[in-house]
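The structure appears right after this line, and notes come after that.
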Amino acid sequence: MATSLGANIYNRQNWEDADFPILCQTCLGENPYIRMTKEKYGKECKICARPFTVFRWCPGTRMRFKKTEVCQTCSKMKNVCQTCLLDLEYGLPIQVRDTGLSIKDDVPKSDVNKEYYTQNMEREIGNSDGTRPVGLLGKAPSSSDMLLKLARTTPYYKRNRPHICSFWVKGECKRGEECPYRHEKPTDPDDPLADQNIKDRYYGINDPVADKLLKRASTMPRLDTPEDKSITTLYVGGLGDSITDSELRNHFYQFGEIRTTTIVQRQQCAFIQFATRQAAELAAEKSFNKLIIKGRRLNVKWGRSQGARGKEGREREGVTEMGMKLEPVPGLPGALPPPPVDEDAPTNYFNLGPNSAPPVMNISLPPPPGVAMPPPGFGPPMFHSMDPMAIPHPMGMRPPGHVHYPSQDPQRMGAHASRHGGS
């Protein structure tokens with residue numbers, strides 16, 4: 001250890017004796033009734049090498065036991081969790097946080113300078129109210145756009161899973177389902193995430209997790225402003241069932257006057273219409289990939305104009321609802337051309353007289369069972385003329401020659417000419 005138990009009384013007075021650890025929600029676990037073991041001066045801090053109180057607990061069912069790794073002084077200097085060393089506010093590595101806030105906090109690495117720096121930081125922590133970080137982190141700006149985009153809003157309990165069973169990997173594990181370790185295939189040993197160091201994480205150098213997040217931040221999507229200046233409406237998606245109209249107004253009113261707020265519960269979305277385009281652009285810039293209400297990250301996009309909402313227009317242009325241009329599929333026939341319009345062509349398709357009214361078809365109900373159908377030509381007429389001057393024929397007394405049979409058609413093969421007046 002760094003100091004002897006009875007050699008230096010001053011250093012021994014500065015040993016940490018805490019009643020509860022400084023943990024993030026992920027490391028603490030989802031069980032509210034958690035039990036911890038406390039070991040006073042159980043280990044030395046992995047950063048400053050001073051003895052501190054070690055806490056050990058199980059964050060949940062089928063999870064591995066966790067314990068504190070650094071003392072509370074080192075945790076408060078960087079505002080990180082004592083176990084995972086991730087930032088308590090954003091849930092991100094220290095390297096990502098310092099890059100987003102544009103700060104460079106150089107902690108001494110030699111034993112003498114580190115001890116002197118730690119004593120000064122303890123004095124500053126004792127004089128503060130404990131609500132804000134100390135050092136350069138306390139003087140940094142309150143937030144950053146990149147940090148708000150990358151911040152984790154919900155606990156990631158998957159990080160508490162047991163480690164992979166090395167005996168199972170070699171095919172020698174005999175515990176079966178009772179084995180407290182995971183029986184899964186390990187990741188690629190060449191993966192950078194497989195080689196992590198706690199000191200690199202604390203000092204913010206050569207952290208593979210931070211490098212991965214910084215690369216993701218450089219390729220994150222942007223929200224393009226629409227060219228139509230009449231659009232002043234923002235679409236807010238992913239509301240859920242708990243977010244209300246007043247909570248949306250409390251966030252968006254700071255950017256300008258709100259004209260209307262419409263919540264569609266069935267789609268779990270809302271439409272915020274501003275009075276001016278300038279207010280809408282400011283709200284979109286400050287809220288895209290950053291808006292978090294009640295722990296839910298909301299999706300903010302620009303609304304569409306009334307003319308762009310029609311699906312027919314998008315189908316004609318070959319554009320989907322997401323704005324992606326669709327390429328034509330080879331081999332499929334194109335759209336049919338419209339029929340030619342000839343103004344001189346007659347439109348009397350049924351050869352009706354100029355003064356004759358269209359006939360009305362008389363569809364009669366079938367006769368009841370046991371009653372025979374009348375022979376053709378002796379039943380009621382199928383068509384009634386709408387001409388009021390026409391003389392109706394009595395039922396069953398139709399003039400001869402008005403019954404048309406298909407065999408009498410001159411154009412039909414096998415028709416006899418004698419039946420049509422020719423011999």
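In this text the structure is predicted, and so the values were computed from the model without any measurement.
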Step-by-step side chain to side chain contact (heavy atoms under 4.5 Å, CB included) determination, Asp19 to Lys38: CA-CA 8 Å; Asp19 295 328; Lys38 174 183 174 182; 3.3 Å; yes
Checking side chain to side chain donor-acceptor pair (under 3.5 Å) for the pair Thr260/Gln273: CA distance, chi angles, key distance, verdict? CA-CA 5 Å; Thr260 58; Gln273 184 180 14; 3.0 Å; yes
Is there a salt bridge (Lys or Arg N to Asp or Glu O under 4.0 Å) between Lys215 and Asp211? Walk through the geometry before answering. CA-CA 6 Å; Lys215 290 179 181 178; Asp211 294 339; over 6 Å; no
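Scanning both residues, Ser242 and Lys294, for their nearest heavy atoms gives O-NZ, 3.0 Å. Arg62 and Cys179 make their closest contact through NH2-O, 3.9 Å (heavy atoms, listed as atom of the first residue, atom of the second, distance). Of all heavy-atom pairs between Lys199 and Asn197, the closest is N-OD1, 2.8 Å.
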Check: residues 72-97 side-chain donor-acceptor pairs under 3.5 Å, at least two apart:
from: Gln72; atom 1: NE2; to: Phe20; atom 2: O; distance (Å): 2.8
from: Thr73; atom 1: OG1; to: Glu122; atom 2: OE2; distance (Å): 3.2
from: Ser75; atom 1: OG; to: Val80; atom 2: O; distance (Å): 2.4
from: Gln82; atom 1: OE1; to: Ile22; atom 2: N; distance (Å): 2.8
from: Gln82; atom 1: NE2; to: Val70; atom 2: O; distance (Å): 2.7
from: Thr83; atom 1: OG1; to: Lys67; atom 2: O; distance (Å): 3.3
from: Asp87; atom 1: OD1; to: Arg97; atom 2: NH1; distance (Å): 2.8
from: Asp87; atom 1: OD2; to: Glu89; atom 2: N; distance (Å): 2.9
from: Asp87; atom 1: OD2; to: Tyr90; atom 2: N; distance (Å): 2.9
from: Tyr90; atom 1: OH; to: Ser142; atom 2: O; distance (Å): 3.1
from: Gln95; atom 1: OE1; to: Asp207; atom 2: N; distance (Å): 3.4
from: Arg97; atom 1: NH1; to: Lys78; atom 2: O; distance (Å): 2.4
from: Arg97; atom 1: NH2; to: Lys78; atom 2: O; distance (Å): 3.4

Please set out all donor-acceptor pairs under 3.5 angstrom arising from side-chain atoms of residues 276-283, sequence neighbours excluded.
from: Thr276; atom 1: OG1; to: Ala279; atom 2: N; distance (Å): 3.3
from: Arg277; atom 1: NE; to: Glu281; atom 2: OE2; distance (Å): 3.1
from: Arg277; atom 1: NH1; to: Asp228; atom 2: O; distance (Å): 2.6
from: Arg277; atom 1: NH1; to: Lys229; atom 2: O; distance (Å): 3.4
from: Arg277; atom 1: NH1; to: Ile231; atom 2: O; distance (Å): 3.3
from: Arg277; atom 1: NH2; to: Pro226; atom 2: O; distance (Å): 2.7

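Applying the ring pair (Phe, Tyr, Trp, His ring centres under 6.0 Å) test to every pair with at least one member in residues 207-233, sequence neighbours left out, gives no pairs at all. Listed by first then second residue, pairs satisfying ring pair (Phe, Tyr, Trp, His ring centres under 6.0 Å) with a partner in residues 48-71 number zero, not counting sequence neighbours. For residues 150-169, the set of pairs meeting the salt bridge (charged side-chain N to carboxylate O under 4.0 Å, His left out) definition, not counting sequence neighbours, comprises Arg161-Glu184.
In summary, the aromatic rings of Tyr235 and Phe271 are positioned with their centroids under 6.0 Å apart.
Among residues two or more places apart in sequence or in another chain, the ring-ring contact (aromatic ring centres under 6.0 Å, His included) test is passed with Trp168 by His183.
Salt-bridge formation is detected for the pair Asp17/Lys40: a Lys NZ or Arg NE/NH1/NH2 atom is positioned less than 4.0 Å from an Asp or Glu carboxylate oxygen.
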